[in-house]
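The shown structure was predicted, so the numbers you read here are calculated from the model rather than taken from an experiment. Because only heavy atoms are used, hydrogens play no part in the values below, and waters and symmetry mates are left out as well, while side chains stay in. In what follows, chains are A, B, ... by sequence order, proteins preceding strands, each numbered from 1.
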Amino acid sequence: MPENQSGRSDSAKLKVAVLKKRRDFLALRNSPKTGAPAFLMAARRNPEAGDGVRVGLTVTKKLGGAVQRNRIRRRLRAAVREVFPFHAEAGKDYVLIARSAAHSRKYAAILDDVKQALLRLAKDHK
RNA sequence: CCAGACGGUCGGACGGUCGCUCCCCUUAAGGGAGAGGAAAGUCCGGGCUCCAUGGAAACACGGCGCCGGGUAACGCCCGGCCGGUCGACCCCCGGGUCGGCUGAGGGAAAGCGCCACAGAGACGAUACCGCCCCGUUUCGGGGCAAGGGUGAAAAGGUGCGGUAAGAGCGCACCGCCGCGCCAGCAAUGGAGCGGGCAGGGCAAGCCCCGCCGGGAGCAAGACCGAAUAGGGACGGUGCGUCCUGCCGACGCUGCGGCUGAGGAAGGACAGGCGGGUUUCCGCGCCUUUAGCCAGCGCGCUAUGCGCCGUCCGGGUUGGUUGCUUGAGGCCGUGCGCGAGCGCGCGCCCCAGAGGAAUGGCCGUCCCUUCUCUUCGAAGGACAGAACCCGGCUUACAGACCGUCUGGCUUU
RNA sequence: GCGGGCGUAGCUCAGGGGUAGAGCAUCACCUUGCCAAGGUGAGGGUCGUGCGUUCGAAUCGCAUCGCCCGCU
C-alpha cells in the first residue's frame, strides 16, 4: 500500500470505530476544524476512544435526496477506511461533515484531502 | 417505413480485486444471499399488537354512492348500462351503426339556501323593439308570444297546415310524461297504448336516503436487566426527644390563625381513572375528602434522624425479541369475455440493517452526448427497503411488443 | 410513524362563489431655498402549479410542489 509511506507500518494500524452517540457529535461542535473541498473535519481528544480512533460522518439533507446522501457517505467512508489507520492520531474522535463537492470530486483527490486534513489537525493541536 | 394516442413488458450486462451486513459451517479457511417498479408521496384498504377480557343501543363526526361481478377488504380492479366528446360510415336536412377517448354517474314532486351583471322579464317570472285588429291614426283600447335583442339559462325542436296576427291550435317525425307488456340477475333497453306537453340549474352548498367506520400505532408490544441515585420491608447500632414527642382510615372544640388554584430547588424517580358523548347491563382498580397550627379527650411506649446489612418492588442507558414463510414467487393445467379462482401433495426460499450493509478502484461490451476522419473524452432516466401485504397517485432516459389513427412507398 | 397549518402586489396581511383589496414601500406632482414630514394621483398580480365542479373559482373538490409547526 502506498499510503503507509509517510505514516505507520501495516502492523501498527489503528482500529477505527464508529461514533454513534449524539452527545459525542455535539461535543465536537467547538473543536478545532479544518476544511477541504469535499468536507469539513473536526477532531477532539477523548479517553473513550481508547487505543484507536472513532469517526462519525454527517451528511445533511441539504446535500440531496437519499440516493445522493448514501453515495456521499459511502465514498467518504471508503476514504476514511483507506487513510485513517495510517495517519490519524490515536485516542481521538473525528467528525467529517460532508459538502456538496463530495458527490462529484475525484476519489483520489478525496484521499489526499483526508490525509492533508489529518496532518493539519495534528499540527494545530501541538 | 415514419409520426401520434392508448395499453403492456423491461429498465444496463459480464468479470477481477480490496471491503461491508446477515446466514451456514468452522481451529483457521471457506461457502451462500444482499434495494424498487415505483422501495417515494403517505391518499385509501387489511393483517398484526396494545388500549381492562366486555356486550348493546342512540347521537355526533368522517367517508363512500349507476348495475353486476372479483377480493381478506377497499375510495381498487373487471364486465355491462347511461351520458359527454372525437373520427369513420349509412342516410330523407333529423337520426342511426361502429370504433377511440372520457365521466366523484343516488336523491332537486322532504325542506332550507344561492342564481351576480346584462336584460322588458330569472323562478311558478315577462312584453322593450315588435306583429295584428279597432278607433277621433303624434296617441288610445284590445289580441299575440312566431321574429329581433340580453343572458350560462327565457316555458319542447323541425316541417306542413292553420290564423286578423299568432299559439301543440291541428297533424307528421324526434324529444317528454303516464300505463302495463316483452328482454335482462340488475342498471337499463325495446316496441305498443294513452296524454298535446305539464317550469329550470346547483347537492365537489346545507341536507335526505342507503352502506361502512371503536382508538392508537412495530418508537405497537413482550422479555432480561449494569453502575449510580432513589423507594419499601426487616434486623442491628448511635444520637435526640419523652416537662414531652409522635402516630391514628380515633373523637371533639375553635364562626381561631397561617398557607393554599402556587414559589424555589432537584429528578429517569412510579399514579388514575377506564376508547368522542350519553344511557343501560356487567366488572376491575385506586384514593380517603388539602395540609399545617392551638387546646382537650382517648390510645401507644416508643418515635424521629443518621449509619451498616439482607431482601423486595419500580425501571433508565443497554441487550434480546417482535423480524420476516407470506392473502409468497415460478411452472403446468382447468374454469371464466375479464378482473380472477381452483388444482398439482410440482419446483423455489428471494434483504432484514439499527449513526443504519448492498461500496471504492480497474477491465470488456451496450447505449447517450461532444469532437466528428480516426484516436478519444464525459456520462448512464427516476430514484435507496426499515413490521408486512393489496391498491391508488406522482417521478422516469431509453428499448421492445400489441391495438387504433394519419402520412409515404410498393403490389 | 402519526397529526396540523400556510402559499394573494417588492414586504406584512385582508378577502371563503359574481370587477382582487388595505397598510408600508416605489414613481410623478403639489408644498419648501433644499431635505424630511404632509397632501394629491399613478403604476405594479400566472391569487404556488395542474385537473375538475359550476354560467362563472383567489374562494368549492382532488392531485401535486414548496415552507413551517406539534406529538411519539
Side-chain angles (χ1 to χ4, degrees):
Chain A
M1 275 211 184
E3 262 64 11
N4 66 353
Q5 285 174 356
S6 56
R8 298 178 183 77
S9 65
D10 269 353
S11 55
K13 279 197 292 189
L14 284 176
K15 283 190 177 166
V16 180
V18 179
L19 199 62
K20 292 185 179 180
K21 287 202 165 38
R22 176 175 160 76
R23 54 186 173 83
D24 292 329
F25 280 82
L26 294 179
L28 269 288
R29 280 192 307 188
N30 295 321
S31 304
K33 298 183 194 62
T34 184
F39 57 86
L40 221 64
M41 184 186 283
R44 169 174 168 267
R45 194 166 294 283
N46 189 341
E48 286 182 50
D51 295 337
V53 296
R54 301 192 304 174
V55 181
L57 293 173
T58 296
V59 186
T60 65
K61 270 191 183 170
K62 211 188 277 184
L63 298 180
V67 175
Q68 295 241 337
R69 294 204 307 272
N70 274 340
R71 178 151 184 88
I72 288 169
R73 183 161 41 79
R74 286 163 180 162
R75 300 190 80 199
L76 288 181
R77 187 156 52 203
V80 165
R81 200 177 61 80
E82 268 191 66
V83 178
F84 264 60
F86 302 102
H87 296 281
E89 274 189 277
K92 273 193 168 183
D93 286 348
Y94 291 88
V95 164
L96 274 74
I97 302 164
R99 309 168 84 169
S100 57
H103 188 254
S104 52
R105 190 167 170 80
K106 290 237 183 241
Y107 183 71
I110 292 181
L111 285 181
D112 197 55
D113 290 342
V114 173
K115 188 168 150 189
Q116 295 304 321
L118 284 175
L119 295 177
R120 239 176 297 148
L121 281 175
K123 203 165 63 179
D124 288 350
H125 209 259
K126 294 296 178 213

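B:G354: no Watson-Crick or G-U partner with both key distances under 3.5 Å is found in any strand. For B:C311, the paired nucleotide is B:G232, the pair qualifying as Watson-Crick or G-U wobble because both relevant distances are below 3.5 Å. Of all nucleotides present, none satisfies the Watson-Crick or G-U wobble test against B:A109 with each distance under 3.5 Å. Within the shown strands, C:C65 is the pairing partner of C:G7 under the Watson-Crick or G-U definition, both distances less than 3.5 Å. When Watson-Crick and G-U wobble pairs are counted only if both distances are under 3.5 Å, B:U317 pairs with no nucleotide at all. Base pairing of C:A42 is made with C:U26, judged by Watson-Crick or G-U wobble geometry with both donor-acceptor distances under 3.5 Å. In this entry B:G275 has no Watson-Crick or G-U wobble partner, no candidate having both defining distances under 3.5 Å. B:G262 is unpaired under the Watson-Crick or G-U wobble criterion, no partner having all donor-acceptor distances under 3.5 Å.
Base orientation of B:G37: syn (glycosidic angle within 90° of 0). With a glycosidic angle no further than 90° from 0, B:A35 counts as syn. In this structure, B:U324 shows a glycosidic angle within 90 degrees of zero, which is the syn conformation. Nucleotide B:C117 carries an anti base; the chi torsion (O4'-C1'-N9-C4 or O4'-C1'-N1-C2) is more than 90° from 0. Base orientation of C:G16: syn, since the glycosidic angle falls within 90° of 0.
Minimum atom distance to the side chain of A:Arg77 is reached by B:A356, of the listed B:A383, B:G355, B:A356. Residue A:Thr58 places its side chain closer to B:G355 than to any other of B:G384, B:G355, B:G360.
Note that the CG atom of A:Leu96 and the CD1 atom of A:Ile72 stand 12.5 Å from one another [nearest 0.5 Å]. Here the CZ-CG distance, from A:Arg75 to A:Leu111, works out to 9.5 Å after rounding to the nearest 0.5 Å. If you take CZ on A:Arg44 and CG on A:Leu121, they are separated by 14.0 Å, rounding to the nearest 0.5 Å.
No donor-acceptor pair closer than 3.5 Å links the side chain of A:Arg73 to the backbone N or O of A:Leu57. Using a distance-only test at 3.5 Å, with no hydrogens or angles considered, no donor-acceptor pair links the side chain of A:Arg71 to the main chain of A:His103.
Atom CZ of A:Arg54 is separated from atom P of B:G355 by 13 Å (rounded to the nearest Å). As rounded to whole Å, 17 Å separates atom C1' of B:U358 from atom CZ of A:Arg75. When the C1' atom of B:A40 is taken as reference, atom CZ of A:Arg69 falls 13 Å away, rounded to whole Å. When rounded to the nearest whole Å, the span between CG of A:Leu111 and P of B:G359 equals 18 Å. In this entry the distance linking CZ of A:Arg73 with C1' of B:G355 reads 9 Å, nearest Å. As a whole-Å value, the separation of A:Gln68 CD from B:G384 C1' is 12 Å. Separating the CG atom of A:Leu76 from the C1' atom of B:G19 is a distance of 16 Å, rounded to the nearest angstrom. For A:Asp112 and B:G360, the CG to C1' distance is 17 Å, given to the nearest whole Å.
Taking the nucleotide of RNA chain B with the nearest heavy atom to each of A:Ala78 and A:Arg81, the more 5' of the two is matched to A:Arg81. With RNA chain B read from its 5' end, the first of the two nearest nucleotides for A:Lys106 and A:Asn70 is the one closest to A:Lys106.
Taking the P atom of each, C:C11 and C:G17 are spaced 27 Å apart, rounded to whole Å. The separation of B:A56 from B:G70, taken at their C1' atoms, amounts to 35 Å, rounded to a whole angstrom. Distance check on atom C1': B:C76 versus B:G55 gives 35 Å, rounded to whole Å. B:C281 sits 41 Å from B:G313 when the P atoms are compared, rounded to a whole Å. The same atom, P, is picked in B:G201 and in B:A110; the two are 14 Å apart, to the nearest Å. When the P atom is compared between B:G315 and B:C51, the two are found 15 Å apart, to the nearest whole Å. When the C1' atom is used for both B:C174 and B:G140, the distance is 46 Å, rounded to whole Å. As rounded to the nearest Å, B:C131 and B:U136 have C1' atoms that lie 24 Å from one another.
Between A:Val55 and A:Arg77 there is no side-chain heavy-atom pair separated by less than 4.5 Å.
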Can you check side-chain contact (heavy atoms from CB on, under 4.5 Å) on A:Met41 and A:Val114, steps first, answer last?
CA-CA 9 Å; A:Met41 184 186 283; A:Val114 173; 4.3 Å; yes
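In terms of phosphate contacts, A:Arg74 brings no side-chain nitrogen or oxygen within less than 4.0 Å of OP1 or OP2 of B:A356.
The cluster map of Ile, Leu, Val, Met, Phe, Trp and Tyr, joined by side-chain heavy atoms under 4.5 Å apart, puts A:Tyr107 and A:Leu76 in the same cluster.
If you check every strand for non-hydrogen atoms under 4.0 Å, A:Arg71 touches sugar and phosphate atoms only.
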